[in-house]
Amino acid sequence: MTYTTAIFYFFAAILVFAGMRVVTARNPVHAALFLVLAFFTAAGLWILLEAEFLAITLVLVYVGAVMVLFLFVVMMLDIKLDKLREGFWDYLPLAGFVSVLLVIEMALILGSRHFGLEVMGTPAPHPADYSNTKELGRLLYTDYVYAFELAAVILLVAIVAAIALTLRRRKDSKYIDPAAQSRVKRNDRLRIVKMQAEKGPGARGQGSGEEGA
Amino acid sequence: MRDSLIQFAPVLPEIFVLAMVSLILLVDAAVDDGKRAIAYVLSLVTLAGAAFLTVRDFSTMPLLALGGLFIDDPLADVLKLFLYLSVAAVLVYSRGYLRERGLYKGEFFVLALFALLGMMVMVSASHFLTLYLGLELLSLSLYAMVALRRDSSMATEAAMKYFVLGALASGMLLYGMSMVYGVTGSLALGDIAQNLADGTDLRIPLVFGIVFIVAGVAFKLGAVPFHMWVPDVYHGAPTAMTLFIGSAPKIAAFAFAVRILGQGLESQVAEWRDMLVILAVLSMAVGNIAAIAQSNLKRMFAYSTISHMGFMLLGILAGSQNGYGSAMFYVLVYTLMSLGGFGMILLLSRAGFEADQLDDFKGLNRRSPWLAFLMLLLMFSMAGIPPTVGFYAKLAVLQAVVEIGYVWLAVAAVLFSLVGAFYYLRVVKLMYFDAPHDTAPILARPDARLIMSANGLAVLALGILPQPLMAICVTAIGASF
């Protein structure tokens, strides 16, 4: 076993373990943290594949931004996991049987017999000055520009959908309308009431007397 | 420069639609609730403009563009024109319904056009990447459209089911695509076809990948045993969204299946034919038999969709140009009938009344003889009774199946169609021989009535003269394969 193979198995074992724990952890915060671990080890595997840029992006974007956001959401929500897990044990035998079967079938097909190093061969390593990032950028903006733009459109749809589904004007919550704020005229807010000038404390009784009459 | 402007010419309809959606998004944010008609008119203008661009640059032979991700061939152009037509019909039918239910908002039009863009990308994709991205663009828009009616728990539930199962199906599809990539070393359909034609040592992984791809495609088509989402989504979604889901996306799903199976994995027809046979027979059986038990018309149409998709798969599994042509004819005709069927529910609905129960169609003949007649034509066509076009569509598909020697399959298809005729004719019986259940006047708008008349009569006219449409389908398939 070479040095890289050892590293691969190390990361792969952690990845599988973390993936299992994401599903089985009782506490949703723990599950999210295990997902962070899974992303991190997956990034390690990508480094082994010489995909440095993707690996760093995975850590920066997913671990650094998405998962932190996710953690916040999980902490804000009051999720009753026990209720969600109702029926878990009832389904476990069938689900377990199906998944074990799937894993065995996939292992038979995806094993080294078909995709092993003897069949596929080791790709030649890139020279030290090869820039993964530059190559990725070049491909994204030339050959795959159409797919790149489509991905952007999908994100736009996600924004539109998220706003359409969640934005609601609640009558019981107070909110500020900046347009109305800046349109407001003096007369809308301030009412000038004409009153007779008062002549000092001594004259008050006399004045009120006149009003009453 | 390798990429010149000429490369963008075939993509003009897509670019135009995207630009117009962005414009509608901005315009709609600026106008207040009374002027939503602007978004409606702009959407129709978008469809007309895209149709103009597609017709102007109609291609006579396949042309790859944008680094081989995009293909402009007669098949794509013909299907795009039908996509525009069906989306336009959806917009006209659903206008009154949406307005009465507070859904007449810019988001509906924006999401519908985004879905259209996704479908356009799918029909002219020549690469796994664009096929997948187009599918996701379509699906994401559809999930949001189903959930748009937030105060209805049924719509939310339908959207949730659709979303979760749709994500699962996308995962399977991607997994299958990655297997095929592992075997052939390419994601472009042309390269895949070429690599596989030379033969491969990796047969088992390839078949493994095809299984996942077929499962993903079957899910999107709603074929049994991947159909469980169809009745719930059709039933739970607001009828206008059901109309949308039940029409144009079927055309895109057909293109999706034909592009992957017929163009990319053409040489593996022996592998995927058996899978499609199972899917088709199960779909026709479950769809037709389960539809009998439904009392809700939307749910009944959902099961009918499943059976029709099974029938359409018969054409694809023939694996011949004749088969693809007849499947294309079938899916276009199905879209027309589906538009009419759901459109009729929309026409009969009014504020606070959905008209989606079978009983709501009782005695329709006494309330509106013309609408009852149109519905009669649509039901006859769905059942496959001559002289409507449904008969001819079924006949063409069966011919293709018999050609490859699967006579038993054709016999089974006819038997299941006979079962299906029962529940279509039941609707006709309710309309003509039962006393009206509901006597309120029908408040359909004149424009929707006009489109409905055109829709119903088209089913009859195409049934009497099917040759022009059939010729279009055969030529498009012939020039694209």
Side-chain angles (χ1 to χ4, degrees), chain A residues 19 23 49 84 95 98-99 101-121 123 136-171 177-180 183, chain B residues 1-3 7-8 11 14-15 18 21-22 25 29 65-70 105-108 110-111 114-115 117-118 121 125 127-130 132-134 136-145 147-148 150-151 156 159 175 179 182-183 185 187 201-209 211:
Chain A
V23 189
L49 290 172
L84 286 176
V98 171
S99 9
L101 208 65
L102 258 179
V103 167
I104 293 174
E105 284 175 351
M106 283 164 68
L108 283 178
I109 287 171
L110 305 178
S112 52
R113 194 153 60 90
H114 296 299
F115 291 118
L117 281 179
E118 300 80 36
V119 186
M120 288 292 175
L136 207 63
R138 192 187 65 74
L139 278 176
L140 270 187
Y141 288 102
T142 54
D143 291 357
Y144 292 99
V145 68
Y146 183 52
F148 185 67
E149 293 295 329
L150 283 176
V153 175
I154 290 178
L155 288 181
L156 181 59
V157 172
I159 296 174
V160 172
I163 294 176
L165 295 184
T166 54
L167 181 71
R168 58 182 80 213
R169 288 271 154 81
R170 285 174 52 173
K171 290 199 177 67
D177 182 359
R183 259 203 315 270
Chain B
M1 280 299 282
R2 198 167 39 147
D3 293 299
Q7 276 228 308
F8 290 99
V11 202
E14 278 84 354
I15 296 176
L18 178 58
V21 185
S22 311
L25 202 55
L66 296 174
L69 292 174
F70 180 93
K105 291 187 272 191
E107 286 90 359
F108 172 76
V110 168
L111 288 173
F114 270 129
L117 184 65
V121 170
H127 199 276
F128 274 158
L129 258 184
T130 30
Y132 177 71
L133 285 170
E136 282 305 289
L137 185 53
L138 166 67
S139 310
L140 209 59
S141 312
L142 290 184
Y143 305 146
M145 281 171 83
L148 212 51
R150 291 181 306 203
D151 49 356
T156 316
Y175 197 68
M179 281 299 128
V183 171
L187 286 172
D201 312 329
L202 297 163
R203 283 219 63 77
I204 294 172
L206 178 66
V207 176
F208 186 72
V211 170

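In what follows, every chain begins at residue 1, and chains take the letters A, B, ... in the order their sequences are listed. Just so it is clear, the values below take in all heavy atoms, side chains as well, and ignore hydrogens, waters and symmetry mates.
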Considering only heavy atoms, which portion of A/Ala158 lies under 4.5 Å from any heavy atom of chain B: side chain, backbone, both, or neither? both

Contacts of type side-chain hydrogen bond (donor to acceptor under 3.5 Å, both in side chains), residue B/Arg203, not counting sequence neighbours: B/Gln268, B/Glu271

For B/Glu136, give me all partners under side-chain hydrogen bond (donor to acceptor under 3.5 Å, both in side chains), at least two apart in sequence or on another chain. B/Ser170

For B/Arg150 and A/Ala164 the tightest heavy-atom approach is NH1-O, 3.4 Å

Give me the atom names and distance for the closest heavy-atom approach of A/Val157 to B/Ser141. CG1-OG, 3.8 Å

Straight-line distance of B/Leu69 CG to A/Glu149 CD, nearest 0.5 Å: 12.0 Å

Mind checking whether A/Tyr146 and B/Leu129 have side chains closer than 4.5 Å, heavy atoms only? no

Which one of [options] has the most heavy-atom pairs closer than 4.5 Å to chain A?
options                               : answer
B/Val121, B/Leu148, B/Val110          : B/Val121
B/Val21, B/Val183, B/Thr130           : B/Thr130
B/Tyr143, B/Phe208, B/Tyr132, B/Phe70 : B/Phe208

Would you mind telling me which of B/Leu137, B/Leu140, B/Leu133 makes a side chain to side chain contact (heavy atoms under 4.5 Å, CB included) with A/Val153? B/Leu137

